[in-house]
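The model shown is predicted, which means the values in this text are computed figures rather than measured ones.
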Amino acid sequence: PHSSRICCSYGSKWGRPMREPAFWYRPPSWISRLLMPLGALYGLVAGQRLQRQGFDAGIPVLCVGNYHVGGAGKTPTVLALASVLRDLGETPVVLSRGYGGRLHGPIQVDPARHVADDVGDEPLMMAGSVAVVVARDRIAGVALARSQRASVILMDDGFQNPAIIKDASLIVIDASRGLGNACVFPAGPLRAPLRPQLDRTDALIVIGDGTAARAVAAAIAARDRPVLSAHLKPDDASLASLGGKRVLAFAGIGDPARFFRTLGASGIEVVAKRVFADHHPYSKSEIEQLIADAKRDGLTLATTEKDLARLRAGEGLPSWAGDIVPFAVTLAFEDAAQLRKFVSGGLFRAREKKFRT
């Protein structure tokens, strides 16, 4: 009964998102083996879906995705790519499905008008620095993005979705978590069998210092495709706000442990941690309890920008959430010139191909 709840509920539209099962990131266990027949069926369908021909957007499409469900660092990667594209003179528009939002779209996200319940926490967070279109129908989303004079579409997720032709797919993987048990959902975190996903990868972005992604990186390098290393870099204002303080950190993201590790690596003393499900919709009472716990122990309450986005109302943060300090990060690449070369080359090839057809 427990395993069936896992395979039916994780990230589904029928219930609240739940925490990913711990066995996904352990060596294959009896639970994963029990679920492997379902994984084989899921993988067969997903693999066949990858073969479908998509819609040509008419302008270059760069897709940021990952091989598995859960967090890997797509959002900071999208923002980093948007910055590179602007430096190249492009006008990027992010296309997102708007997971967790009630609006089907297509609609351009307006941080002054929308809240996370409307458009999802990630699109709302990104819309502060780049134009974001939310659309369940990605083809309709492309039309709206082009009407906003986009020269490039940045797809936030959608690597396994064949609706739109991607001119380049950049896959993000966490160096510490890798692919977990490397089994297909629900036996593991993979969204589709690994080999066809590797074949469609144009560049791999490895975030962090761990060794769990080495095998995947070697497989991509063997295909003569770039492997880029990157790290999450804390915002100076966040460091100033939390420096020298003892912290109660909480997060409802795909990989809360990465958030806690980043805090610790930044010299911030994390005394207590609270973990919630990815995209968790915080209630006022939950936040008040966290604030009370922090005050009781003389701690500062800190969370991610994505979590904070879920607390914002139209006029900003409500007064009862005013004691929370956001910990903002950006993605810094070890070889920024290599990333810029990959992006500019990808744009040139995409436009040359579209011109010829």
Minimum heavy-atom separation for [X] and [Y], please, with both atom names.
{"X": "I220", "Y": "P226", "answer": "CG2-O, 4.0 Å"}
{"X": "A182", "Y": "L190", "answer": "O-CD1, 3.4 Å"}
{"X": "V172", "Y": "A72", "answer": "CG1-O, 3.3 Å"}
{"X": "P92", "Y": "R86", "answer": "CD-CG, 3.9 Å"}
{"X": "A219", "Y": "L198", "answer": "CB-CD1, 4.1 Å"}
{"X": "P111", "Y": "G128", "answer": "CG-N, 4.2 Å"}

Answer yes when [X] and [Y] have at least one side-chain N-carboxylate O distance shorter than 4.0 Å, and no when they do not.
{"X": "D174", "Y": "R177", "value": "no"}
{"X": "K166", "Y": "D202", "value": "no"}
{"X": "K306", "Y": "D278", "value": "yes"}

Spacing of [X] atom [atom1] and [Y] atom [atom2] [to the nearest 0.5 Å]:
{"X": "S96", "Y": "E122", "atom1": "OG", "atom2": "CD", "result": "7.0 Å"}
{"X": "I207", "Y": "L228", "atom1": "CD1", "atom2": "CG", "result": "10.5 Å"}
{"X": "L347", "Y": "E90", "atom1": "CG", "atom2": "CD", "result": "5.0 Å"}
{"X": "L248", "Y": "R296", "atom1": "CG", "atom2": "CZ", "result": "8.5 Å"}
{"X": "I287", "Y": "D307", "atom1": "CD1", "atom2": "CG", "result": "8.5 Å"}
{"X": "I253", "Y": "T304", "atom1": "CD1", "atom2": "OG1", "result": "5.0 Å"}

> Does the pair R351 and D167 meet the rule for a salt bridge (charged side-chain N to carboxylate O under 4.0 Å, His left out), with working shown?
Replying inline: CA-CA 9 Å; R351 288 180 172 130; D167 294 292; over 6 Å; no
Would you say [Y] ends up clustered with [X] if hydrophobic residues are merged whenever their side chains have heavy atoms under 4.5 Å apart, either directly or through other cluster members?
{"X": "L95", "Y": "F55", "result": "yes"}
{"X": "L170", "Y": "I165", "result": "no"}
{"X": "M155", "Y": "I171", "result": "no"}
{"X": "W30", "Y": "Y25", "result": "yes"}
{"X": "V134", "Y": "I153", "result": "no"}

>> So that I know where these two stand, are Y282 and F250 an aromatic pair - ring centroids less than 6.0 Å apart?
In response: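 Yes, they do, as the ring centres are separated by less than 6.0 Å.
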Please check if the side chain of [X] supplies one atom and the backbone of [Y] the other of a donor-acceptor pair under 3.5 Å.
{"X": "S238", "Y": "A328", "result": "yes"}
{"X": "S151", "Y": "T91", "result": "yes"}
{"X": "Q160", "Y": "N66", "result": "yes"}

Using a 6.0 Å cut-off, check whether atom [atom1] of [X] has over 12 heavy atoms from anything other than its own residue.
{"X": "R195", "atom1": "CZ", "result": "no"}
{"X": "R26", "atom1": "CZ", "result": "no"}
{"X": "Q51", "atom1": "CD", "result": "yes"}

>> Apply side chain to side chain contact (heavy atoms under 4.5 Å, CB included) to residues F327 and T262 and explain how you reach the verdict.
In response: CA-CA 10 Å; F327 186 71; T262 305; 3.8 Å; yes
> Is there a side-chain contact between L79 and T330, using heavy atoms and a 4.5 Å cut-off?
Replying inline: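 They are not in side-chain contact.
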> Are R200 and F159 in a cation-pi contact, defined as NZ or CZ under 6.0 Å from the six-membered ring centre and within 45° of the axis?
Replying inline: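 Cation-pi check for R200 and F159: fails.
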>> Between R223 and D199, is the side chain to side chain contact (heavy atoms under 4.5 Å, CB included) condition met? List the steps.
In response: CA-CA 8 Å; R223 287 166 166 78; D199 290 342; 3.0 Å; yes
>> side-chain hydrogen bond (donor to acceptor under 3.5 Å, both in side chains), that's the test. Do D209 and H231 meet it? Break it down for me.
In response: CA-CA 8 Å; D209 295 317; H231 293 83; 2.5 Å; yes
